Amino acid sequence: MSTLQQQIEEARSTALGALQQVQDSTALDEWNREWLGKKGRLTALFRGVGALPTEERAGAGQAINVAKVALETAFEDARQGISAGETEQRLRAEAVDITQPGRPTHAGRLHIITQTTRDVLRAFRDMGFQVYEGPDIELDYYNFELLNIPPEHPARSMQDTFYIDDRLLGIRPAGASMDDLPPVVLRTHTSPNQIRMMRKIAPPVRLIVPGKCYRSEATDATHEAYFSQIEGLAVGKHITLADLKGTLAAFARALFGSDRKVRFRCDYFPYVEPGVDLSIDCMICGGVGCRSCKYTGWLEIMGAGMIHPQVLINGGVDPDEYSGFAFGMGPERISMLRYGIDDIRLFYSNDLRFLQQF
Ligand code: FA5
């Protein structure tokens, strides 16, 4: 046997021995390159064939080929074995234990103020009111002037206002001074919708208008700078204060239960005459007096009144022919009453432990 043939035999058994140590596909590729690759050790042996005496060449070439086929076959077997093992390992790692309990999903929910607002809207819808909306960014003209609150009117100090620099809105012509355009505000109440709606829809109307309001005031247990209101408006022929009282008492009992005590007292708002406020007996303390009702036993839930004739005129409605009532309430205060919450600031502090209770 020539030295080359001995080398071939050795190479073959070394290679097969090494292949048995191979455990994964990376090592297998490495082995393949080392033995069967273009620069591999078996290929190197082929080169030695040329140096042999002619009569030995054919035999040596054949022997290398036999060895090559043997290594290729062994390689193929190893490849299949390793790949099956790796697939099995991967599948095992990916396996899902279907007997495990599912992960809980956190379903979203309506914010408590949204829930209360919808309950209020439903109560009025049941009495034939239609729902509309108006803008949060409002002209001073609608928020105050058309509601009988001219500049310098003392009633302006009833509500501390966030004014908007209307240069930010991009509506002021270049070079115009602050006096050239009416000021723009974040609405302090939903009452500008009285005017907007009267101008838009001819009477008879029964409308309910929810929305956010903004007041530049210090917050406390019953006051927020950002809160909600729901405005109501009924305009038609022969509407009287009795209609206002009947409608609002029916609403209060629909929302809070038929045994609710309701109190109307005179109040002043420049856009109604007469004006009233409506209170309900405090459910938190049972009327004894607590922080929420400021120790009065009553919690005021809305302002209301018969629409002032000048406001009807401003809305394009003839006061000789029509009359109407309007009211405005706060869903935060109503929610406090319904759920016995003693601090309004909880609604928007976004503590999930609080919000998830509703
Ligand atoms: C008004 O805003 C009148 N526009 C209501 C009205 C409408 C009167 C139509 C007559 C006719 P008042 O400022 O009282 O009134 O606010 C009405 C309700 O909004 C209050 O009862 C309260 O529930 C809510 N509210 C007012 N200010 C705040 C505040 N800072 N934080 C939370 N709720 C508030």
Side-chain angles (χ1 to χ4, degrees), residues 112-113 116-117 120 124 129 134 138 142-144 146-149 155-162 185-198 207-235 239 241 244-245 247-248 251-252 255 262-280 282 292-294 296 298-308 310-312 315 323-338 341-349:
I112 172 178
I113 298 305
T116 297
T117 301
V120 171
F124 281 102
F129 283 70
E138 186 57 280
Y142 281 92
N143 195 78
F144 294 118
L146 291 174
L147 293 172
N148 275 349
I149 319 175
R156 287 216 176 194
S157 61
M158 287 165 71
Q159 301 172 355
D160 295 309
T161 309
F162 287 116
V185 302
L186 291 179
R187 67 177 167 205
T188 57
H189 53 177
T190 44
S191 296
N193 291 302
Q194 293 180 26
I195 303 289
R196 287 187 175 275
M197 297 305 154
M198 281 194 280
L207 306 175
I208 192 97
V209 190
K212 290 295 178 199
C213 300
Y214 310 82
R215 290 186 195 176
S216 172
E217 50 183 86
T219 59
D220 61 27
T222 56
H223 292 84
E224 267 285 5
Y226 168 78
F227 59 97
S228 319
Q229 278 191 352
I230 301 174
E231 191 82 8
L233 186 69
V235 183
I239 290 186
L241 188 65
L244 178 159
K245 288 179 69 177
T247 304
L248 296 184
F251 158 74
L255 203 71
V262 178
R263 184 181 76 176
F264 290 92
R265 286 196 312 183
C266 285
D267 202 350
Y268 171 70
F269 302 95
Y271 31 96
V272 287
E273 183 56 43
V276 298
D277 67 49
L278 166 58
S279 300
I280 296 177
C282 182
S292 295
C293 62
K294 297 209 180 86
T296 62
W298 294 94
L299 221 145
E300 184 194 310
I301 57 164
M302 65 173 98
M306 301 304 292
I307 302 173
H308 194 289
Q310 183 59 48
V311 173
L312 288 173
S323 57
F325 65 80
F327 55 88
M329 74 186 86
E332 286 83 4
R333 301 256 179 96
I334 288 171
S335 303
M336 291 170 80
L337 267 178
R338 291 176 94 194
I341 296 160
D342 68 357
D343 196 322
I344 196 171
R345 290 165 291 199
L346 288 166
F347 293 123
Y348 301 113
S349 57

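For clarity, every value in this text was computed on a predicted model and none was experimentally measured. Atoms within each ligand, like the ligands themselves, are counted from 1 in listed order.
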Is any N or O atom of [X], backbone or side chain, closer than 3.5 Å to an N or O atom of ligand 1?
X	answer
His189	yes
Ser228	no
Gly330	yes

Would you check if [X] and [Y] make a side-chain contact, meaning some heavy-atom pair closer than 4.5 Å?
X	Y	result
Met329	Phe251	yes
His308	Asn148	yes
Lys294	Thr222	yes
Thr247	Phe129	yes
Ile113	Tyr348	yes
Thr117	Ile230	yes

Who passes salt bridge (Lys or Arg N to Asp or Glu O under 4.0 Å) against Arg333, sequence neighbours left out? none

Heavy-atom nearest pair, Leu147 first then Tyr142, reads CD1-O, 3.6 Å

Which atoms of ligand 1 are found less than 4.0 Å from any heavy atom of [X]?
X	result
Phe269	3 (C), 8 (C), 10 (C), 15 (O)
Ile301	21 (O)
Gln194	9 (C)
Gly303	6 (C), 7 (C), 8 (C), 10 (C)
Gln229	1 (C), 2 (O), 16 (O), 17 (C), 18 (C), 19 (O)
Glu217	30 (N)
Glu300	14 (O), 21 (O)

At a non-hydrogen distance cut-off of under 4.0 Å, which region of [X] contacts ligand 1 (side chain, backbone, both, or neither)?
X	result
Thr190	neither
Ala304	backbone
His223	both
Tyr271	side chain

Report yes or no: does [X] have a heavy atom closer than 4.0 Å to ligand 1?
X	answer
Phe325	no
Gly275	no
Glu332	no

Aromatic ring centroids of His189 and Phe269 under 6.0 Å? no

Looking at non-hydrogen atoms alone, which of Cys213, Pro331, Gly328, Ala225 comes nearest to atom 5 (C) of ligand 1? Gly328

Is the backbone N or O of Gly328 less than 3.5 Å from a side-chain atom of Gln229, with the two atoms forming a donor-acceptor pair by type? no

Parallel, tilted or perpendicular: rings of Tyr226 and Tyr214 (30°, 60°): tilted

